[in-house]
Each structure stands twice: as structure tokens, then as C-alpha cells.
Amino acid sequence: MIIFTTLKQKDLAAVSAQQLFDHYASKGNRPTAIQRFEQYTITGNIIESELRHVIESTYIFSNPNKHHLLLDKQRFNPSHYYFNVSRKKPLNLTSKMIALSKECPDQIIKSVTMSELWGIQLTMPTETPNDLISYFIESTPSTIAPLAHPLIHTVSWVPHSALFDEITQPSQINHI
Amino acid sequence: MSVAILQFPGSNCEDETAQALDKLSISYERVPWNSAVNLDRFSGFILPGGFSFQDRIRAGVIAAKLPIIRQLRHESTKGKLILGICNGAQILVEAGLFSHHDVLTDIIDLNYVHETPIGFMCDWGFLRPFNHRHTPFLASFNDNTVLPVQICHGEGRFLHKTPPTSGLVYSRIDGHTEATFPTTPNGATNGLAAISNAEGNAFAIMPHPERSLNSQRYPHAIRAYAKKNHLALTDFTDLFNAFKG
């Protein structure tokens, strides 16, 4: 099961990334908006409807004063390009797994991992997702792209239609 | 010519760095990140510790993309000495000063112990140089020197594709090196605490040598143990003296 959260206030990491492009990128390479989401992937033998209720009614993943909790595609702009930036060595959130297991004692929760999802809006997108990754996402010494480091991160383009799909077969989603 | 201390929004160790240079009578100037100053007029550069741009996205990555760092990279090609301490080290690594062929091959990542992120840590530890002749920053030490140092970071784990030519590794007080916890407190590959570039003129160190110049600042337990066991501990004076040429 995949869920997303995003801040209700401006996300300062996204603001800084936007400012970098606004100030230092050539005109054609400036996104009009950058959004950042936290993506949580929950694995195990789970009943999604029950888990969804627990996630919505507890503070395990989101504080309703601070975060939007996104359980469907409604809040995702279909005109944005979405890129998942995940650690090659997954970031396991053991405390969230334990908290979730306590709330749902009948379900077997194997792991909770976190990655980032970046949404990028462009005025005249003519590039392929691969080009966008090199312009905006994956860092090199000579480009401005700040969002992923090739040594520790894997970057995948995620089509809007596949935002909530589990990455069971990496070839479906990791290859652009 | 003087040394430039480059300050970024969120730098917080510039005063300690300046005090270290004052103590060693090395002239310096503080240069803000958005200054229009030409870096050509400085003989060397220090990027102090802190949390530039609040460590947003990754520690050091925003600062690494600024025009002043492009200038710094140009100055590096002239062989000028560049020292990055803590967040300054993260900025230099993110800027690619230790990488080759426009691909980032190094990173200073989150502290890990036994496969678990441990967050921010602050403690004293010990460092030992390796291949000290390769860089002016370590030239006055020898490979058996033991340097007590304050460690203070949340992202200090060196990861690399190609091992560095020279640098510093974590050790015990008796100089025995170990790449495992607790000697290496953050999971760094091969116990690395500092690396130099291939040319030897750029040096990135995660612990704080500017806080470890005065042996009176060492914790009492370290001083007492060294005295009792007749261990010679060296301070970081000679690392900063590299700027005197």
C-alpha cells in the first residue's frame, strides 16, 4: 500500500530548489512549480480499508494541522511530471511499523519505507522524462539539479496514472 | 594575500574558524556567499561548519550550486588550498571537488550504526592520517600521529566509488584504526573522517579541527588517559599552518 503526505505550508526544500532554478538556470530550464511529497510504502499481509482508517485517524503518518494526507490521485496535478527519489538502501521506518502494528494487531505489517516524490510543472514540456531527470533531478558537478545523488538514490519517472501502483515489477515503472 | 572564510546562510562555525586563524596569525577575510568579490585575490579558502540553507534537500547541496562555488572550483584548478570543515566539507563534496568526469562519486551521508540511522551526534574522537605526504594539510604530521577532535554532525558518513588518495581515518586513542562502531562513530566507509582530492589542494574534514587546537579543551578523561599511558596527542595547528605556505 502506498500513501503520500505533503506539507500544508510551503515546503522549504521545494522552495529552495525552485529558487535555484529561478536564479541560476537558463530560461528554458526553469520549472514553474516544484512540489515535494513524502511517499510511504507499507508491505505485509494487510487489509487496505482497515489500514486506511487507522492511517486517517492517527498521527502515525500525518498531523492534520500540518500535513495533507493523500490516499488517492485527486490532489495530484495530472499536468505535473512526477519523479520518485528513493534510497538504494531503503529507509526503513521501524517506529512507524511498530505503531501501525499496535493499532492493527490482526494484520501483519512487514515494513514501512519512505521515499520522496517530486512533482515538477513546466510551461512547454518538450523533453523526455530522461532529459528532465538530468536537468532537474540527478545532481552532477556541472548542473543545478539538486534532488537526487547518483551514489545513494534511484530515480524513477512515475506517470500520474501509476502514482499509487506498488513497484512490484521495477521494469514497469523504473524504465523511462 | 589572505585566506577567505566563505559564509553561507546557516554557517555557524565562522567565529571559531576565525579564532583558529587569529591564534596562528593567519590573515583572513570573511566573504558572504552573495558577495561580488573576486576570489582571485585570496590565497586560500575555508568553508566553515554549520547548516547552510538548513540542510534542505541534502546537507550542502544548495550552497554547492551557487555561483561563488563555481568561482571556487576555478580557483581550485590554480592549486590554491581549500579546506571544508563539517558543512563546508559537505558543500565541497556536493560541488564535485573530489569527483571526476562530471559524475558525483562521493557523498557525505546520514550517520548510520549497524544499518540504522542514528541522527545527530556530538562527541570526542581520534583521527590518524594516511598517505600524509600527498596533501599540504597533512604534510607536517606522520601516519602515526593521533589527533583528538570534536565530532559534531548528523550527516558525516563518507561514501565513495573510488577510495581517496589521502586523508584522515577514525582511530582509538592509542592509534589503532577500526572502521566499525564505536571507533568509527558514523558508519563511514573505511573509517574515513577526511579526504583530500587527487591534487591534494582541497581537503574535506567532517570533525572540527578548529575546535581542537588547544589541548586544554580536550575532555579531562582524554588528557588523564594520555598522561597515564604516556600517549602523545597532537593538535591541529599544522593543518591550519598549511595556509602559511
Side-chain angles (χ1 to χ4, degrees), chain A residues 7 9-26 29-30 34-38 83 85 87-98 111-118 120 134-153 155, chain B residues 8-10 33-34 51-74 76-77 90-110 112 114-119 155 157-162 187 189 197 202:
Chain A
L7 288 172
Q9 289 192 326
K10 285 196 169 184
D11 185 303
L12 294 177
V15 169
S16 286
Q18 179 82 54
Q19 284 177 344
L20 269 181
F21 290 111
D22 286 350
H23 292 160
Y24 307 120
S26 57
N29 288 341
R30 289 179 193 166
I34 297 181
Q35 278 187 299
R36 179 178 165 275
F37 303 87
E38 290 188 344
F83 298 93
V85 176
R87 287 188 158 257
K88 288 177 182 173
K89 189 190 250 183
L91 198 59
N92 279 302
L93 305 177
T94 314
S95 61
K96 288 200 190 302
M97 187 193 78
I98 293 168
S111 71
V112 178
T113 54
M114 198 195 87
S115 55
E116 286 179 327
L117 185 81
W118 293 89
I120 293 182
S134 55
Y135 289 154
F136 300 117
I137 310 287
E138 198 160 84
S139 296
T140 69
S142 62
T143 59
I144 291 169
L147 304 179
H149 192 292
L151 207 59
I152 57 165
H153 290 129
V155 182
Chain B
F8 298 90
W33 84 102
N34 54 357
F51 299 89
S52 62
F53 295 92
Q54 293 184 324
D55 282 355
R56 293 174 197 169
I57 305 175
R58 286 193 308 281
V61 69
I62 303 282
K65 306 294 179 187
L66 299 179
I68 198 167
I69 297 295
R70 279 203 294 275
Q71 264 199 75
L72 185 70
R73 209 183 287 135
H74 177 66
S76 170
T77 60
Q90 293 162 337
I91 295 169
L92 293 183
V93 169
E94 284 286 350
L97 260 78
F98 302 88
S99 300
H100 304 282
H101 310 302
D102 203 33
V103 178
L104 287 175
T105 53
D106 305 84
I107 187 172
I108 304 174
D109 196 20
L110 302 171
Y112 267 69
H114 305 313
E115 305 291 312
T116 307
I118 56 161
E155 299 181 37
R157 185 169 56 110
F158 274 98
L159 301 175
H160 55 71
K161 256 187 182 167
T162 317
T189 312
N197 64 350

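Proteins come first, then strands; the chains are lettered A, B, ... in the order of their sequence lines, and each starts at number 1. Everything quoted here is computed from the prediction, not taken from an experiment.
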Go through the atoms of Asp106(B) and report whether side chain, backbone, both or neither lie under 4.5 Å from a heavy atom of chain A. backbone
Ion pair Arg58(B)/Glu155(B), N-O distance below 4.0 Å: no
Under 4.5 Å from a heavy atom of chain A, the part of Tyr112(B) involved: side chain
Assert top hit (heavy-atom pairs under 4.5 Å, partner chain A, pool Leu110(B), Leu66(B), Ile69(B), Ile62(B)) equals Ile62(B)
Between Asn92(A) and Ser111(A), is there a side-chain donor-acceptor contact under 3.5 Å, judged purely by atom types and distance? no
Identify the two heavy atoms, one from Ala17(A) and one from Pro146(A), that lie closest to each other, and give their separation to 0.1 Å. CB-CG, 4.3 Å
Can you tell me which portion of Thr116(B) sits under 4.5 Å from chain A's heavy atoms? Options are side chain, backbone, both or neither. neither
Asp109(B) versus chain A, the contacting section by heavy-atom distance below 4.5 Å: side chain
Choice from Gly96(B), Pro117(B), Ala64(B), Pro67(B) maximising heavy atom contacts with chain A below 4.5 Å: Pro67(B)
Greatest number of heavy atom pairs closer than 4.5 Å to chain B - which of Leu91(A), Leu12(A), Leu20(A): Leu12(A)
Assess whether atom NZ of Lys89(A) is packed by more than 12 heavy atoms of other residues, nucleotides or ligands within 6.0 Å. yes
Cut-off 4.5 Å, heavy atoms of chain B, and the answer for Leu147(A) is both
Contact summary for His153(A) and Ala148(A), nearest pair of heavy atoms: ND1-CA, 3.5 Å
Please identify each residue that fulfils ring-ring contact (aromatic ring centres under 6.0 Å, His included) with Phe136(A), with sequence neighbours left out. Phe21(A)
